[in-house]
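Comments concern the structure below.
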Amino acid sequence: MTSRLSKIVMCLCLSAFAFLVAFGNITDYGSNYAFVQHVLSMDTTFPGNKLMYRAITNPSLWTAGYWLIIVGEALTCVLFLIAAWQLWQARNASGETFNEAKKFVIIGTTMGFLVWYLGFMVVGGEWFAMWQSSTWNGQEAAFKFYMTMLAVLIYVVQPDRDLKKG
């Protein structure tokens, strides 16, 4: 039972994290909008780099990109919350039933991976050369986020056996 409860708590923690990130992006919209603006416009990358043709300088596209990030973060929150709820409901069930309840952990991790790996590492980091910016670079933070999610996923998907009857 201890490992099942820890898996539920970890999913709740990931949900809380994604909630706070999305909430922060909404309530401190301007600060994080500036991040998206600078990354997409590539205005803090190396001067004269040959990748500048990729820059987006349209504020409407900055806004759309930012809201895409926020929606992805919010979905990650909801999916991990659903995952925790389904695991909670199956906590006293057979190992097979508890294992089947892990579906939304996989879906939530996938959504989080899309936001922080695809969004920040692939699109932001490589396509928009965020790695070149010493000021507007979220790659290290994104790495911590998606690696934590992947570590929890690896732990959670380990097969659970039937609880011992006592």
Side-chain angles (χ1 to χ4, degrees), residues 3 6-46 49 51-88 99 101-158:
S3 69
S6 76
K7 291 174 182 185
I8 294 165
V9 168
M10 287 183 186
C11 288
L12 286 171
C13 289
L14 291 174
S15 179
F17 168 76
F19 170 79
L20 289 174
V21 173
F23 182 75
N25 282 339
I26 293 167
T27 59
D28 186 17
Y29 188 88
S31 294
N32 294 304
Y33 178 81
F35 177 88
V36 172
Q37 172 190 347
H38 287 290
V39 170
L40 297 184
S41 66
M42 300 175 69
D43 61 356
T44 60
T45 58
F46 300 158
N49 78 71
L51 303 176
M52 289 303 294
Y53 71 91
R54 300 175 179 177
I56 295 175
T57 56
N58 181 323
S60 296
L61 293 177
W62 298 338
T63 300
Y66 189 33
W67 277 105
L68 184 64
I69 293 167
I70 293 170
V71 168
E73 294 162 348
L75 281 172
T76 301
C77 165
V78 170
L79 291 167
F80 276 119
L81 195 59
I82 292 169
W85 176 248
Q86 288 190 346
L87 293 176
W88 176 257
N99 290 330
K102 298 174 182 179
K103 176 174 76 172
F104 275 90
V105 181
I106 297 166
I107 297 169
T109 302
T110 302
M111 175 52 56
F113 195 79
L114 287 170
V115 171
W116 283 284
Y117 182 78
L118 179 65
F120 284 84
M121 299 297 280
V122 175
V123 176
E126 291 304 318
W127 184 256
F128 291 106
M130 181 170 57
W131 65 270
Q132 293 182 8
S133 177
S134 60
T135 322
W136 300 100
N137 188 338
Q139 289 184 295
E140 187 176 333
F143 176 78
K144 293 174 186 176
F145 303 159
Y146 69 76
M147 288 305 294
T148 300
M149 288 180 205
L150 291 173
V152 170
L153 176 66
I154 290 167
Y155 171 59
V156 170
V157 298
Q158 296 304 305

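Just so we're clear, the structure is a prediction, and the values are computed from it rather than from any experiment. Positions are given from 1, in the same order as the sequence printed here.
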#### Entry: Stepwise side-chain contact (heavy atoms from CB on, under 4.5 Å) test for Tyr66 and Tyr29
CA-CA 9 Å; Tyr66 189 33; Tyr29 188 88; 3.2 Å; yes
### Message
If you apply the rule side-chain contact (heavy atoms from CB on, under 4.5 Å), what do you find for Trp67 with Ile70, and how did you get there?
### Response
CA-CA 5 Å; Trp67 277 105; Ile70 293 170; 3.8 Å; yes
### Task
Apply side-chain contact (heavy atoms from CB on, under 4.5 Å) to the pair Tyr155 and Ser6, showing each step before the final yes or no.
CA-CA 10 Å; Tyr155 171 59; Ser6 76; 2.5 Å; yes
### Query
Taking it one step at a time, do Ile82 and Gln86 satisfy side-chain contact (heavy atoms from CB on, under 4.5 Å)?
CA-CA 6 Å; Ile82 292 169; Gln86 288 190 346; 4.1 Å; yes
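The closest side-chain heavy-atom distance from Phe128 to Val123 is below 4.5 Å. Taking 4.5 Å as the limit, every side-chain heavy atom of Lys7 sits out of range of all side-chain heavy atoms of Val105. Between Thr135 and His38 there is no side-chain heavy-atom pair separated by less than 4.5 Å. Side chains of Phe19 and Phe80 form no contact here, defined as non-hydrogen atoms less than 4.5 Å apart. Between Tyr146 and Val115, every side-chain heavy-atom pair lies at or beyond the 4.5 Å cut-off. Proximity of Leu40 to Trp136: side-chain heavy atoms (C-beta onward) are nowhere separated by under 4.5 Å. The closest side-chain heavy-atom distance from Phe145 to Phe17 is below 4.5 Å. Using a 4.5 Å heavy-atom cutoff, the side chains of Val152 and Met149 are not in contact.
The two atoms that bring Phe113 and Leu150 nearest to each other are CE1-CD1, 3.7 Å, heavy atoms only. A pairwise comparison of heavy atoms in Ala74 and Ala22 identifies N-CB, 4.0 Å as the closest pair. The minimum heavy-atom distance linking Ala142 with Met121 is given by the pair CB-SD, 4.4 Å. Of all heavy-atom pairs between Asn137 and Phe35, the closest is N-CE1, 4.1 Å. Summarising the geometry of Asn58 relative to Ser60, their closest heavy-atom pair is OD1-N, 2.7 Å, with the distance given to 0.1 Å. When all heavy atoms of Gly108 and Leu79 are compared, the closest pair comes out as CA-CB, 3.6 Å.
The main-chain N or O of Ile56 is never found under 3.5 Å from a side-chain atom of Ser41 such that the two would form a donor-acceptor pair. The backbone N or O of Gln158 lies less than 3.5 Å from a partner atom in the side chain of Lys102, making a donor-acceptor pair.
Here Trp131 and Phe46 bring their ring centres to under 6.0 angstrom of each other.
Atom OG1 of Thr110 is separated from atom CZ of Phe104 by 11.5 Å, given to the nearest 0.5 angstrom. The CG atom of Leu68 sits 12.5 Å away from the OG1 atom of Thr63 when rounded to the nearest 0.5 Å. To the nearest 0.5 Å, atoms CD1 (Ile69) and CG (Leu114) are separated by 12.5 Å. Expressed to the nearest 0.5 Å, how far CG of Leu20 lies from SG of Cys77 amounts to 8.5 Å. Remark: Leu14 CG to Thr109 OG1 distance equals 7.0 Å, nearest 0.5 Å. Between the CD atom in Gln139 and the CE atom in Met130 there is a gap of 4.5 Å [rounded to 0.5 Å].
Open room surrounds OH on Tyr117; 12 or fewer heavy atoms of other groups in view lie less than 6.0 Å from it. No more than 12 heavy atoms of other residues, nucleotides or ligands shown are found within 6.0 angstrom of CD on Glu140.
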